Protein chains: 2
Amino acid sequence: MPESDRPLVLSQTAAGLLRDKILRGELAPGTPLREVIWAEALNVSRNTLREALRDLVAEGLIEHRPHHGATVRALTSAEISEIYTIRLTLELRGVTCSAYASKEAMAELVERVEAVQRAALARDWKQSGTASLEFHRQIVSFIGSPRLDELFASVAAQARLAFSLASDARRFQEPWVARDVEICSMLCDGDRAGASRALELYLQESERVVLEAARSHGLPRPSRTAAPAPD
Amino acid sequence: MPESDRPLVLSQTAAGLLRDKILRGELAPGTPLREVIWAEALNVSRNTLREALRDLVAEGLIEHRPHHGATVRALTSAEISEIYTIRLTLELRGVTCSAYASKEAMAELVERVEAVQRAALARDWKQSGTASLEFHRQIVSFIGSPRLDELFASVAAQARLAFSLASDARRFQEPWVARDVEICSMLCDGDRAGASRALELYLQESERVVLEAARSHGLPRPSRTAAPAPD
DNA sequence: AGGAAAATTTTGTTCAACAAATTATAGAGC
DNA sequence: GCTCTATAATTTGTTGAACAAAATTTTCCT
């Protein structure tokens, strides 16, 4: 039944709800998203849900094989590596473009690295991780391309999906804070070559750690087990 | 009527037909794509057409404003500039990564630049443009990320859309052939710094020319005129 | 003309149905 | 007991009709 609230575009709000659940880690990678079940769980028609699913496929959050349906995307180790390849490409270019960044943009960068520090001081490691991604996002924004910004956001969302496997959040986030700070100060000093080197090492190590976590914690197991209930 | 042939996934073959028509230039940028009209033109239901349209939106070939429907994407000059920003980001990184490219990949690069030369010699400027894009695509592929390859393909498709405005194809393509060859030989010699410089100038000038062509030829005019018939 | 109100078009969404493909189940035979 | 196959049950792909809501066009009034 078409009920209650009248949001601007239903299929997109439905996509939004699903996106949140996935990013929040409530739906483990590999989980199948059955159309009828989620249609009534989100209180939309099956057709509308399908449109929502198509949007999420475009975002890279879910996979869709014809006649098999949609599943929460489970990253292979190759895909995790690719995430870092993409990050390196975008962030290195961002560092180069920081030469032409406005005063405000640089101030925003400092602002964000401070947010990382605040979260770390408060021992809020989840927030620290989010803030760190925001910091790197700001670096990418120096390029000045909304589309590349969007790509980074998409990639970052998937990275967080991989992060969610990490058992101990502290050991996972703490070492990076100081390095974010270092990169930021190098950028402020105009030492772009140094920032590039630091960034490259940063991403290499991060990739190694995430890959390790993913490997130990369980990679795309074709588990045919029952799907968690929507509610 | 669900007729005759039984393609694997209808909505995607429908999207394919539309994609071709757009890329072929049969549907001018800004052209509205009315759902009922194209649904029966492609012989699919409206729901299926909607799914096809959503796919094309994800590809960046069409725009979609809620309650206004889909239109063939008309690039603003800012968006044309962004195409070159993205190309610069991807291709420069590709040049860097060419250091680790396999022998086969480098051979493929030479292969493609030769295809550009052949087409130019045959005065087939349309083919020359396509081949040139393939050459640059190969540079990007050195990065080794399918997703970035896909991004380049998407951006290239839109670039061709902008190219289609060019009045004189020869003056438009000829000057670039020699520069593609130069960049290729620099890469083969391992002179990545030189290749980077040449590439940056190449893209800067290309952007200038395309922007000029687009400006003179007519930018996103909100023409409310009748849409061309599907057939 | 100008602008408000009504008629029309177009999109957003739902529902019910069915074909086709996939997966699960139950036997048959060894 | 095990594999292989035929059958049933599920799930996706697609359709067509219907209607509400938003946007566009037309009409009509001043």
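Quick note on labels: first sequence line is chain A, next is B, and so on, each numbered from 1. Since the structure is predicted, the reported quantities are computational estimates derived from the model, not experimental observations.
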Run the ring-ring contact (aromatic ring centres under 6.0 Å, His included) test against Tyr202(B) and tell me which residues pass, sequence neighbours left out.
His136(B), Trp176(B)
Not counting sequence neighbours, which residues clear salt bridge (charged side-chain N to carboxylate O under 4.0 Å, His left out) with Glu35(B)? List them please.
Arg46(B), Arg50(B)
Nucleic acid contacts of residues 58-67 of chain B, taken as heavy-atom distances under 4.0 Å to DNA chain C
His64(B), Pro66(B), His67(B)
Atom pair distance, as rounded to whole Å: CZ in Arg46(A) and P in dT14(C)
13 Å
Of all the nucleotides listed (dT13(C), dT14(D), dT24(D)), which has the minimum atom distance to the side chain of Ser45(B)?
dT14(D)
Give the rounded distance in Å between these two atoms: CG of Asn47(A) and C1' of dC19(D).
15 Å
For dG13(D), does OP1 or OP2 lie under 4.0 Å from any side-chain N or O of Thr48(B)?
no
Pair Glu134(B) + Arg137(B), salt bridge at N-O below 4.0 Å:
yes
Closest of dT13(C), dT14(D), dG13(D) to the Glu35(A) side chain is dG13(D)
In whole angstrom, what separates Arg34(A)'s CZ from dA24(C)'s C1'?
12 Å
In whole angstrom, what separates Glu40(B)'s CD from dT15(D)'s P?
13 Å
Under-4.0 Å side-chain N/O to phosphate OP1/OP2 contact, Ser11(B) with dT14(D):
yes
Of the listed dT24(D), dT15(D), dT11(C), the closest approach to the Arg50(B) side chain comes from dT11(C)
For Asp180(B), what residues pass the salt bridge (charged side-chain N to carboxylate O under 4.0 Å, His left out) criterion, not counting sequence neighbours?
none
Spacing between Leu49(B) atom CG and dT15(D) atom C1', to the nearest angstrom
13 Å
What is the distance, rounded to the nearest whole Å, between atom CD of Glu51(B) and atom C1' of dT12(D)?
11 Å
What's the CD1-P distance between Ile37(A) and dT11(D), to the nearest Å?
6 Å
Who are the salt bridge (charged side-chain N to carboxylate O under 4.0 Å, His left out) partners of Arg147(A), not counting sequence neighbours?
none
Among residues at least two apart in sequence or on other chains, which ones pass side chain to side chain donor-acceptor pair (under 3.5 Å) with Gln12(A)?
none
Under-4.0 Å side-chain N/O to phosphate OP1/OP2 contact, His68(A) with dG13(D)
no
Between P of dT12(D) and CG of Leu10(B), the distance in whole Å
18 Å
Beyond-backbone contact of Ile22(A) with Ile62(A), side-chain heavy atoms, under 4.5 angstrom
yes
